[in-house]
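Computation of the quantities below employed the complete heavy-atom set of this structure, encompassing side-chain atoms and omitting hydrogens, waters and symmetry-equivalent molecules.
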Amino acid sequence: MSRIRADRIVDRVATGAPLFPNGAVVTGVATATTFDGNATTATTATTATTATTATTATNAQGLTGTPDITIGNLVGVAATFTGILTYEDVTNIDSIGIITARSGVNLNGLLREEINITAGKLSENLNINLDNGMVHGFGNLGTTAENATAIPNIMSSVGINTQMSTGDAIAVTIITTAAAAGYSTCITIDGIYNDVKWSGGSDPSTGGSSGNDVYALQIIKTGSEAYTVLGALNNFA
C-alpha cells in the first residue's frame, strides 16, 4: 500500500482542488467547512443547513426539508406548533381553554372538572371566562345571595366565535346563591346579546328562595356570531 504525506493537495497548476474521477474512500472522520453534492447517509450530523438527501441522522440540529422529516420521538421542555397538531395516540393532554376533537373522545376512569368559584355575586361579575373552565359558581356557593337580575357574558380570551366552528356545541354551567330577586333570562356571547330558549317554554321570573340556582346552558353555533342557546334553571335547596 502506498502512502502520501502532504500538508496540502491542489491541482497541477496549484489554483484549484484536485479531481478524484474514481471516487475517494475515507475510513476515518471527514471534516469539511462546506459540502456540495448528495449525502445518502449521515451517521452523525450536529449542524445541517442544507441536505438534499439524508436517510440517517442520529444527532441533528436545525433540520428542515421537503418532503417532511420523520422522527421516532420528540422530547422537549416546550414546543410551539403553528399548524394543526394531529395525535394518533395520547395518554394525557393538559389544555387551557376549549379542546376541539374531530371525532369521538373515549374516556376511561374518572372524568372530573374544576369549578371556578367567585366570592361575589353573578350580577357584579358578569363575565363568564371559559378560559377558567366550563363550570362557574358565585357567592361562594352559599354565603352571598343574589339580589338583582343579571345578564351573564359568555366569553374567552380569544373569543367564543373564534374558538367555535359552525355546528360546534359547548355546555356551560352557572351556579348562584339563590334569592328570589336574583335571576337571569338571557345571556350575551362575546358581548353580543343572545336569547335563551328555556326549558318549559318561559323565561325565568324569579330565583329560588334558598340554596343554589343552577343554570345549564347548551350553546350551539349556527353561523358567525350566531348561536342557538338552550337553557334550564333548577333550584337545589
Side-chain angles (χ1 to χ4, degrees), residues 93-102 105 107 110-237:
I93 298 178
D94 186 2
S95 174
I96 298 175
I98 297 173
I99 297 177
T100 301
R102 185 168 51 187
V105 178
L107 301 170
L110 178 67
L111 173 62
R112 61 186 178 86
E113 183 175 2
E114 293 184 359
I115 179 173
N116 183 60
I117 297 178
T118 301
K121 297 174 289 187
L122 171 63
S123 56
E124 297 176 345
N125 300 273
L126 296 177
N127 285 333
I128 309 297
N129 189 342
L130 300 190
D131 291 348
N132 299 323
M134 308 301 287
V135 183
H136 294 254
F138 293 88
N140 276 336
L141 300 182
T143 59
T144 305
E146 295 292 328
N147 60 1
T149 58
I151 302 177
N153 177 41
I154 310 300
M155 47 83 68
S156 69
S157 59
V158 299
I160 301 301
N161 188 59
T162 299
Q163 288 184 281
M164 294 182 67
S165 299
T166 299
D168 286 351
I170 58 175
V172 179
T173 302
I174 302 172
I175 306 170
T176 65
T177 301
Y183 59 94
S184 298
T185 62
C186 59
I187 65 171
T188 60
I189 300 175
D190 293 333
I192 301 174
Y193 172 83
N194 207 102
D195 192 24
V196 177
K197 296 180 179 181
W198 292 100
S199 174
S202 300
D203 291 352
S205 58
T206 183
S209 58
S210 62
N212 295 106
D213 284 342
V214 178
Y215 297 82
L217 303 173
Q218 190 76 16
I219 300 174
I220 305 165
K221 185 173 180 180
T222 57
S224 179
E225 297 182 342
Y227 306 89
T228 294
V229 182
L230 309 177
L233 171 59
N234 293 288
N235 177 258
F236 298 83

How far apart are the closest heavy atoms of [X] and [Y], and which atoms are they?
| X | Y | value |
| --- | --- | --- |
| Ala171 | Gln218 | CB-OE1, 3.7 Å |
| Ala145 | Ala179 | CB-CB, 4.1 Å |
| Asn147 | Ser123 | OD1-OG, 4.3 Å |

Check the surroundings of atom CD in Glu114: do more than 12 heavy atoms from other residues, nucleotides or ligands lie under 6.0 Å from it?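 12 or below, so no.
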To the nearest 0.5 Å, what is the distance between [atom1] on [X] and [atom2] on [Y]?
| X | Y | atom1 | atom2 | answer |
| --- | --- | --- | --- | --- |
| Asn140 | Thr118 | CG | OG1 | 8.5 Å |
| Asn194 | Ile151 | CG | CD1 | 11.5 Å |
| Ile115 | Leu141 | CD1 | CG | 5.0 Å |
| Asn127 | Ile154 | CG | CD1 | 9.5 Å |
| Ile128 | Met134 | CD1 | CE | 11.0 Å |

Between the side chains of Asp131 and Ser157, does any donor sit under 3.5 Å from an acceptor? yes
Would you tell me whether Thr177 and Glu146 have side-chain atoms, one donor and one acceptor, within less than 3.5 Å of each other?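 Result is no, nothing qualifies.
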Pairwise side-chain contact, [X] with [Y], heavy-atom cut-off 4.5 Å (strictly under):
| X | Y | answer |
| --- | --- | --- |
| Leu230 | Ile219 | no |
| Leu233 | Asp213 | yes |
| Leu122 | Ile174 | yes |
| Val214 | Phe236 | yes |
| Ile170 | Met164 | yes |

Counting N and O atoms only, with roles assigned by atom type, does the side chain of Asn212 sit under 3.5 Å from a partner on the main chain of Thr176, one being a donor and the other an acceptor? yes
Side-chain donor/acceptor of Lys221 to backbone N/O of Ser165, under 3.5 Å: no
May I have the list of side-chain donor-acceptor pairs in residues 181-192 shorter than 3.5 Å, sequence neighbours left out?
from: Ser184; atom 1: OG; to: Ala150; atom 2: O; distance (Å): 2.8
from: Thr188; atom 1: OG1; to: Asn153; atom 2: OD1; distance (Å): 2.9
from: Asp190; atom 1: OD1; to: Ile160; atom 2: N; distance (Å): 3.0
from: Asp190; atom 1: OD2; to: Ile160; atom 2: N; distance (Å): 3.0
from: Asp190; atom 1: OD2; to: Asn161; atom 2: N; distance (Å): 2.9

Salt bridge (Lys or Arg N to Asp or Glu O under 4.0 Å): pairs with one or both residues in residues 118-129, sequence neighbours excluded: Lys121-Glu124
Applying side chain to side chain contact (heavy atoms under 4.5 Å, CB included), run through Asn129 and Ser156 and close with a yes or a no. CA-CA 5 Å; Asn129 189 342; Ser156 69; 4.3 Å; yes
Passing option when Phe138 is tested against Asn116, Asn125, Ile117 for side-chain contact (heavy atoms from CB on, under 4.5 Å):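 The passing option is Asn125.
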